[in-house]
Amino acid sequence: MGDILERAFFERPATEVAPELLGALIVREIDGQRVRAVVVETEAYQGMEDKACHASRGKTKRNAVMFGEAGHAYVYFTYGMHWMLNVVCDDMDLPAAVLIRALAPLDGLEAMRARRERDFGKPGWLNGPAKLCQALEIDGALNGADMCDKSTGLWFEKGFDLKADIVKQSARIGIGYATEPWLSLPWRWYVDSSSLSDLIKL
DNA sequence: CGCCAGATCCACT
DNA sequence: GTGGATCTGGCGG
């Protein structure tokens, strides 16, 4: 616990990184305050052949970061109002990323109150890729930021070792535009909500 | 509860 | 011009 996740951790396919990121900590510095939360839901987007992946139609201005070095943040804007946080995986020029879909609050939470006044501290207030970005003040300014460098104010640390039986899998959410088999691949990993209270006590 | 529409805008076609 | 790796509140059961 506490050691930063180094670049080598991310230099693998997103389908390997995504499940291992569960239980890790995401750390964010906002106004000199340090916020920590536990990653509890991820999705893998792997390669140009993955029809759900933004990179499937080639490199563009929007998805360019995914074609770069692993360990950097791919932050994109969607639905006219929401930011999403991914961490780039795999080799250079092989687009892959893990979408961070939900967190369990750990400490330093007050720094997030003003940004999520609507539901701060209520159950599930960090479950949702756009909600957690809002809470952690993550937006386009962080697109491309190196998450293996603490000076960016955003990185991952080793966290909890999860027992395999509390990790579940499903198809990815919100990718109705994709085609089979990508549409149904079980590339979403999450900690079952009924196991969350056990996790935080660890 | 579950279902659904509206919000809102940038990059891509 | 189109549509999204979403969230929210309103409405009906």
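All values derive from a computational prediction rather than experimental measurement. Per chain, numbering begins at 1; letters A, B, ... match sequence-line order.
- Atom CG in A:Asn127 sits roughly 13 Å away from atom P in C:dT6 (whole-Å rounding).
- When the C1' atom of B:dT8 is taken as reference, atom CG of A:Asp139 falls 16 Å away, rounded to whole Å.
- Going from atom CD1 of A:Ile173 over to atom P of C:dC7 covers 11 Å, rounded to whole Å.
- If you take NE2 of A:His54 and C1' of C:dT6, they are 12 Å apart, rounded to a whole angstrom.
- Atom CG in A:Leu183 sits about 13 Å away from atom P in C:dA5, given to the nearest Å.
- Partners of A:Asp146 according to the salt bridge (charged side-chain N to carboxylate O under 4.0 Å, His left out) rule, which considers only residues two or more places apart in sequence or in another chain, are A:Arg7.
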Which pairs, protein N/O on one side and nucleotides 9-11 of chain C N/O on the other, fall under 3.5 Å?
{"unit_1": "C:dG9", "atom_1": "OP1", "unit_2": "A:Arg118", "atom_2": "NH1", "d": "2.6"}

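- In plain terms, the two heavy atoms of A:Leu103 and A:Val39 that are nearest each other are CD2-CA, 3.9 Å.
- Residues satisfying the side-chain hydrogen bond (donor to acceptor under 3.5 Å, both in side chains) criterion with A:His82, sequence neighbours excluded, are absent altogether.
- Residues that satisfy the side-chain hydrogen bond (donor to acceptor under 3.5 Å, both in side chains) test with A:Glu157, not counting sequence neighbours, are A:Trp155.
- For A:Asp107, the side-chain hydrogen bond (donor to acceptor under 3.5 Å, both in side chains) partners are A:Arg36, not counting sequence neighbours.
- Panel note: side chain A:Gln169, backbone A:Pro186; a donor-acceptor pair is recorded below 3.5 Å.
- Residues satisfying the salt bridge (charged side-chain N to carboxylate O under 4.0 Å, His left out) criterion with A:Glu41, sequence neighbours excluded, are A:Arg101, A:Arg188.
- Counting only Watson-Crick and G-U wobble pairs whose two key distances fall under 3.5 Å, DNA chain C forms stems of three or more stacked pairs at B:1-7 with C:6-12, B:9-12 with C:1-4.
- In this structure, A:Glu11 has no salt bridge (charged side-chain N to carboxylate O under 4.0 Å, His left out) partners at least two apart in sequence or on a different chain.
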**OP:** Take A:Leu5 and A:Leu21 through the test side chain to side chain contact (heavy atoms under 4.5 Å, CB included) and record every step on the way to the result.
**Re:** CA-CA 10 Å; A:Leu5 293 186; A:Leu21 217 39; 3.7 Å; yes
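- For DNA chain B, the residues of residues 79-94 of chain A within the heavy-atom distance limit of 4.0 Å (strictly under) are A:Tyr79, A:Gly80, A:Met81, sorted by number.
- Counted within 6.0 Å of NZ on A:Lys150, heavy atoms from surrounding residues, nucleotides or ligands total more than 12; the atom is thus considered enclosed.
- Shown here are the salt bridge (charged side-chain N to carboxylate O under 4.0 Å, His left out) partners of A:Glu110, two or more places apart in sequence or in another chain: A:Arg113.
- Looking at heavy-atom distances under 4.0 Å, A:Ala52 makes contact with a base.
- In this view, A:Ser184 and A:Glu180 satisfy the side-chain hydrogen bond (donor to acceptor under 3.5 Å, both in side chains) rule, not counting sequence neighbours.
- Taking every side-chain heavy atom of A:Tyr177 into account, C:dG4 is the closest of C:dG4, C:dT8, C:dT6.
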Each nucleotide N or O in nucleotides 10-13 of chain B that has a protein N or O under 3.5 Å away: list the pair and distance.
{"unit_1": "B:dC12", "atom_1": "OP1", "unit_2": "A:Thr60", "atom_2": "OG1", "d": "2.2"}
{"unit_1": "B:dC12", "atom_1": "OP1", "unit_2": "A:Lys61", "atom_2": "N", "d": "3.0"}
{"unit_1": "B:dC12", "atom_1": "OP1", "unit_2": "A:Arg62", "atom_2": "N", "d": "2.7"}

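- Base contact: A:Leu99 has a heavy atom under 4.0 Å from a base atom.
- Taking 4.5 Å as the limit, every side-chain heavy atom of A:Met1 sits out of range of all side-chain heavy atoms of A:Lys158.
- Backbone-only engagement by A:Arg116 is indicated by non-hydrogen atom pairs under 4.0 Å involving sugar-phosphate atoms exclusively.
- Partner A:Trp83 forms a ring pair (Phe, Tyr, Trp, His ring centres under 6.0 Å) with one of A:Phe77, A:Tyr76, A:Tyr74 and no other, that one being A:Phe77.
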